[in-house]
Amino acid sequence: PRRPGVGSRPRLGEAIIASLARELESDELKERPLCVAGFSVGAYLYSFLLTHAQVRPRLKALLLDSPVDIEGVPAGLSKSVMSNYVAQKTLQSLIEGYLALFQDVNRQYQEVSARFHAHDIDIPSLWLYSDVDITASQEAVEVVTAKWKRRFPGRVTEHLFEGSPHVSHLPTYPTAYEEAVSSFLE
């Protein structure tokens with residue numbers, strides 16, 4: 001099992017992206033356009049990047065693979081650190097209880113999620129997701145893509161993989177994955 005990281009600690013994610021934004025503002029990088037790729041919690045981190053005004057105009061494209069929103073955190077985090085079903089469910093309940101008890105942390109997650117849902121930069125985006133992913137469910141992804149499609153018609157591309165585990169679309173469907181990404185980037 002992996003150790004939880006930025007997905008379980010909102011301020012850590014914010015600090016990491018602040019550091020990245022400072023690096024992107026360096027003399028050698030400040031004029032370069034940006035194509036952002038985010039996997040799983042990468043959607044959450046991208047939301048922090050949206051708070052850096054100097055980076056926003058440079059964003060040219062966004063690729064998201066299995067993007068997790070707030071409702072996927074308890075189940076997804078528990079599955080990523082526990083292999084036993086009972087332990088997963090126990091940890092999931094503990095995370096849900098933690099979020100209910102510590103409203104300031106829950107509020108931070110909700111604010112980041114709202115920023116992601118209200119995305120206001122007209123750039124093309126590619127969404128790679130699965131019909132069986134519990135962490136980044138098809139339904140949760142499509143709620144966000146529907147909002148973005150209304151806001152930016154023709155700028156959202158989706159690729160739904162059948163039966164592919166969380167962030168495992170490339171090894172499961174290498175040809176289809178590579179074709180989707182190549183087509184998007186052309």
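The figures here come from the full heavy-atom set of this structure, side chains too, leaving out hydrogens, waters and symmetry mates.
The neighbour count for Leu160 CG, taken as heavy atoms of other residues, nucleotides or ligands under 6.0 Å away, is above 12. For CD of Gln103, the number of neighbouring non-hydrogen atoms (other residues, nucleotides, ligands) closer than 6.0 Å is greater than 12.
Taking hydrophobic clusters as Ile, Leu, Val, Met, Phe, Trp and Tyr residues chained together by side-chain heavy-atom distances below 4.5 Å, Leu101 shares a cluster with Val105. Linking ILVMFWY side-chain heavy atoms closer than 4.5 Å, directly or via other members, places Val55 and Val112 in a single hydrophobic cluster. Both Val144 and Val156 belong to a single network of hydrophobic side chains, linked directly or stepwise wherever heavy atoms of I, L, V, M, F, W or Y lie under 4.5 Å apart. Taking hydrophobic clusters as Ile, Leu, Val, Met, Phe, Trp and Tyr residues chained together by side-chain heavy-atom distances below 4.5 Å, Leu99 shares a cluster with Phe102. Under the 4.5 Å side-chain contact rule for hydrophobic residues, Tyr46 and Phe39 do not share a cluster.
Salt-bridge formation is not detected for the pair Arg151/Asp120: no Lys NZ or Arg NE/NH1/NH2 atom is positioned less than 4.0 Å from an Asp or Glu carboxylate oxygen.
Between Leu128 and Leu63 there is a side-chain heavy-atom pair separated by less than 4.5 Å. Contact check for Cys35 versus Leu185: side-chain heavy atoms found under the 4.5 Å cut-off. Residues Tyr98 and Leu94 fail the side-chain proximity criterion, which asks for heavy atoms closer than 4.5 Å. Residues Ile70 and Gln110 have side chains in contact (heavy-atom distance under 4.5 Å, counting atoms from C-beta outward). Counting heavy atoms from C-beta outward, Thr157 and Trp127 have side chains that stay 4.5 Å or more apart. Looking at Arg58 and Leu24, their side chains come closer than 4.5 Å, going by heavy atoms from C-beta outward. Side-chain atoms of Val36 and Leu62, non-hydrogen and from C-beta on, do get closer than 4.5 Å to each other. Side-chain contact check for Pro33 versus Lys60: some heavy-atom pair is nearer than 4.5 Å.
Atom OG of Ser113 and atom CD of Gln108 lie 13.5 Å apart (nearest 0.5 Å). One distance of note links CG of Leu50 with CD1 of Ile17; it measures 10.0 Å at 0.5 Å rounding. Expressed to the nearest 0.5 Å, how far OG1 of Thr51 lies from CD of Glu14 amounts to 6.5 Å. Atom NE2 of residue His119 and atom CZ of residue Arg155 lie 10.5 Å apart, to the nearest 0.5 angstrom. To the nearest 0.5 Å, atoms CG (Leu64) and CG (Leu126) are separated by 8.0 Å. Between the OG atom of Ser78 and the NZ atom of Lys89 there is a distance of 7.0 Å, given to the nearest 0.5 Å.
Side chains of Gln92 and Gln88: no donor on one and acceptor on the other come within 3.5 Å. For the residue pair Tyr129/Glu142, the side-chain donor-acceptor check at 3.5 Å is satisfied. Glu158 and Thr145 share a donor-acceptor pair across their side chains, judged by distance under 3.5 Å alone.
Gly163 and Asp131 get closest at one heavy-atom pair: N-OD1, 2.7 Å. In terms of heavy-atom proximity, Ala87 sits nearest to Met82 at CB-SD, 3.9 Å. Residues Val141 and Ala136 come closest through the heavy atom pair CG2-O, 4.1 Å. Ser125 approaches Phe184 most closely through the heavy-atom pair C-CE1, 3.5 Å.
Ring geometry for Tyr44 against Phe48 counts as perpendicular: the plane angle is over 60°, on a 0 to 90° scale with 30° as the lower cut.
Within the 3.5 Å criterion, the main-chain N or O of Val86 finds a donor-acceptor partner in the side chain of Thr90. Between the Ser183 side chain and the Ala180 main chain, no donor and acceptor come within less than 3.5 Å of each other. No donor-acceptor pair under 3.5 Å is formed between the side chain of Ser168 and the backbone N or O of Ser164.
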- Query: Between Leu20 and His52, does a side-chain contact (heavy atoms from CB on, under 4.5 Å) hold up when you go through it step by step?
  - Reply: CA-CA 10 Å; Leu20 172 63; His52 295 272; over 6 Å; no
- Message: Run the side-chain contact (heavy atoms from CB on, under 4.5 Å) test on Leu59 and Ile121 for me, step by step, so that the C-alpha distance in whole Å, both residues' side-chain angles and the decisive distance to 0.1 Å come before the verdict.
- Response: CA-CA 8 Å; Leu59 294 169; Ile121 303 173; 3.6 Å; yes
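Checked against the 6.0 Å centroid criterion, the rings of Tyr177 and Tyr173 do not qualify as a close aromatic pair. Ring to ring, Trp148 and Phe116 are close: their centroids are under 6.0 angstrom apart.
The residue from His169, His166, Gln138 that alone fulfils the side-chain hydrogen bond (donor to acceptor under 3.5 Å, both in side chains) condition with Asp133 is His166.
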